[in-house]
Every structure is written in structure tokens, then in C-alpha cells.
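To start, the structure itself, in C-alpha cells.
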Amino acid sequence: MNGGTLLALLAVGMFSLTFPATVWALDGLGPWSVVACRASLAALIAIGFLLAGRVPLPDRRHWSGLFAVAAGCIVGFPLLTTLALESSTTSHAAVVVGLLPVTTAVYATVRTGTRHSRAFWTAAVAGAAVVIAFAVQQSGGRPGIGDLYLFAALLVCASGYAEGGRLAREIPGSQVIAWALVLCLPPAAVGTAVALAVEPVHVTGKATAGLLWLVFSQFVSMWLWYRAMAMTGVARAGQLQLAQPLLTLVWSVALLGEHLSPAAPLAAVAVLVCIAVTQRT
């Protein structure tokens, strides 16, 4: 197992806690407050990092990709998934977002012209099919508004992942996420002030812990993730994220007390097999 794969696995492990942490944060904050506070505080960390390292401004050719990262990974995905979690369980959201690796691979292929073997795509599509079947079984075949938010989140996050992975081949992954966060600071700061004034706020231990993890993970996990994609390729690293829904299912039981259907172990085995095939091809 190479270094890029190890970094990707570490990032996926951190990602798997995002939904449970979001549910905890919603215990005391509204959805818009959670997203705005998360981005604002993470941006302050990013500014400190950039200043401490005396990092120069990115080249002009990098800014379009940084905007895509900001729009997809800092604003779009957190907002859409947070709204979805108001009506969907963590376990259900986790399996739907399991489609993200295939979505990212498709976007990266179209954007960069990366080619993969037939075995790679067969395994990737099979993994996605398992996730879809599991999601449909969980929802009883009746997708709701939460599913629409989640599917939209897949599209915007795939572009942010792929563009960030491409940029990380030219500038360090830490700088990719840091500059994207800086771009988000002005609107995030305004959004924080407005959201906290409009939405109810109840300071609880769970809400505080959830928000702090989201802020930490927003910067550190994305740093690791972009570095991993630069080392192993966007599509290949992305397939490791097929394990994320299964890890989130574990957290949903351990931290939130949710109950899983009997289909969960079968889905876990099938998805892990697909991951093994994509890594070997």
C-alpha cells in the first residue's frame, strides 16, 4: 500500500464522521448557521496557516479551480447535506453519498481525459449499484426532498474533488484548501452574522463538539485528500471513498443510536470487494 493510499484512507476515516458531527451541530444550531460558522472558522485557520508559511498568491491559472473547490466542497456540499440531514437519517444519507466516488471519477475523466480499464469501470459501477440498491431499500423506494439535496450535493462535490485533485499536482494540497477557504471567508462571515441572528441558537456540548470537528475536518481532511489524489489519481483515490458510507453507518450506531437494516453487512462486503478490484486495476 503506497503513501497516497494511506493518506486517502485517513481522509476517508475523517470524512466518515462528517454526518454524525453535523447532526450533533444541529442539536444547537440551525443548518445555515452550521455551514456558515464552519466555513468562517476554518477560513481563519487557513489564513493563519498561509501567513505562517508566507505562502505567495496562486497563479492566475489556478483561481478557476480554487473557485470550483470553494463552491463544491466548502459551500455546496456542506449546505446541501446539512439541509438533507434535517429530514434524512445519517445512515440513509451516508449510503446515497456513497455514489460520490463514481461521480468524481466520471467528472475527472471528462475534465482531464484520464483513462481507466474496463475492469475499473465495471467494479466502480458495481459499487455504485450496491449503494443505490441499499439506498432504495432504506427509503422504501420513495425518494424525498432529502434525497434531492443529496444528489445535488454529489454533483457539486465531485467537481470540487476533481478540480482540487488536479490543482494539488501543481501546488500543495494544503494550499488548495486554504486558498479556497479564504475565498469563502467574506460571504461566510456575512452569512454567519445573519444566520445566527435569524436561526435559534442553543449552546450544548454536542453542538459545540460537532461544530469543532467540522471546522477541524474542513481543513485537515481536505488537505490529506487532495494530497492523496495528487499522488494516486483522482478516480483511483475516489474509489476508496466507497468505504465511507460503511464507516458512517458504524458511527451512526455508536454515536447517534440509529438502527441499521439487516442489509448493511451484505452491502459492506460487496462494496469492499469493489474497492479491492478498483485498486488492483
Side-chain angles (χ1 to χ4, degrees), residues 1-20 69 72-73 77 81 91 93-109 111-112 114-132 134-135 150 153-155 157-169 173-174 176-177 217-252 264-265 267-281:
M1 185 179 295
N2 59 40
T5 300
L6 288 174
L7 289 178
L9 288 172
L10 181 57
V12 168
M14 296 179 69
F15 289 157
S16 70
L17 280 164
T18 298
F19 286 173
V69 173
C73 299
F77 185 81
T81 53
S91 56
V95 292
V96 174
V97 173
L99 292 173
L100 186 55
V102 169
T103 310
T104 302
V106 171
Y107 182 93
T109 298
R111 180 70 173 83
T112 66
T114 303
R115 294 183 179 276
H116 299 284
S117 67
R118 181 176 298 178
F120 177 95
W121 286 114
T122 300
V125 171
V130 171
V131 170
I132 292 174
F134 188 78
L150 292 170
L154 290 174
L155 298 178
C157 192
S159 66
Y161 275 0
E163 292 296 335
R166 180 180 62 83
L167 286 174
R169 296 179 179 178
S174 57
V176 172
I177 188 60
S217 180
Q218 179 77 81
F219 182 71
V220 177
S221 64
M222 294 303 297
W223 174 354
L224 298 174
W225 186 238
Y226 286 140
R227 176 61 177 160
M229 287 195 290
M231 294 173 67
T232 66
V234 173
R236 184 176 295 277
Q239 293 312 300
L240 291 172
Q241 205 169 19
L242 279 169
Q244 181 179 330
L246 309 174
L247 293 173
T248 301
L249 292 179
V250 174
W251 297 126
S252 69
V269 173
V271 170
L272 289 175
V273 169
C274 292
I275 292 174
V277 173
T278 60
Q279 295 309 297
R280 289 184 178 278
T281 58

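Numbering starts at 1 and runs along the sequence shown.
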* Please report the closest heavy-atom contact between V69 and G160, naming both atoms and the distance. => CG2-O, 3.6 Å

* Determine which pairs satisfy salt bridge (Lys or Arg N to Asp or Glu O under 4.0 Å) with at least one residue from residues 218-229, sequence neighbours left out, and list them in order. => none

* To do: Nearest 0.5 Å please: distance from the CG atom of L224 over to the CG atom of L10.
  => 5.0 Å

* Asked: To the nearest 0.5 Å, what is the distance between CZ (F19) and CD (Q244)?
  -> 7.0 Å

* **Closest approach of M231 to G3 (non-hydrogen atoms, all atoms of both residues)** => CE-C, 3.8 Å

* Using atom types as modelled and distance alone, determine if a side-chain donor or acceptor of T248 lies under 3.5 Å from a backbone N or O of S16. => yes

* Asked: Could you give the distance from OG (S252) to CG (L17), rounded to the nearest 0.5 Å?
  -> 11.0 Å

* **Partners meeting ring-ring contact (aromatic ring centres under 6.0 Å, His included) with Y161 (sequence neighbours left out)** => W225

* **CE-CE distance between M14 and M222, expressed to the nearest 0.5 angstrom** => 11.0 Å

* Asked: Between A162 and T104, which heavy-atom pair has the shortest distance, and what is it?
  -> N-CG2, 4.4 Å

* Which atom names give the shortest non-hydrogen contact between S91 and L249, and what distance separates them? -> CB-CD2, 3.3 Å

* side chain to side chain contact (heavy atoms under 4.5 Å, CB included) between C157 and L100, worked out -> CA-CA 8 Å; C157 192; L100 186 55; 3.9 Å; yes

* Asked: Which atom names give the shortest non-hydrogen contact between L247 and G13, and what distance separates them?
  -> CD1-CA, 4.2 Å

* Output the distance between atom CG (L7) and atom CE (M229), rounded to the nearest 0.5 Å. => 11.5 Å

* Who pairs with W223 by ring-ring contact (aromatic ring centres under 6.0 Å, His included), at least two apart in sequence or on another chain? -> F49, F219

* Asked: Any idea which heavy atoms bring V130 and A270 closest together, and the distance?
  -> CG2-CB, 3.9 Å

* If we only count heavy atoms from C-beta on, is the L154 to Y107 side-chain gap below 4.5 Å? -> no

* To do: Take Y226 and L167, measure what side chain to side chain contact (heavy atoms under 4.5 Å, CB included) needs, and give me the verdict at the end.
  => CA-CA 8 Å; Y226 286 140; L167 286 174; over 6 Å; no

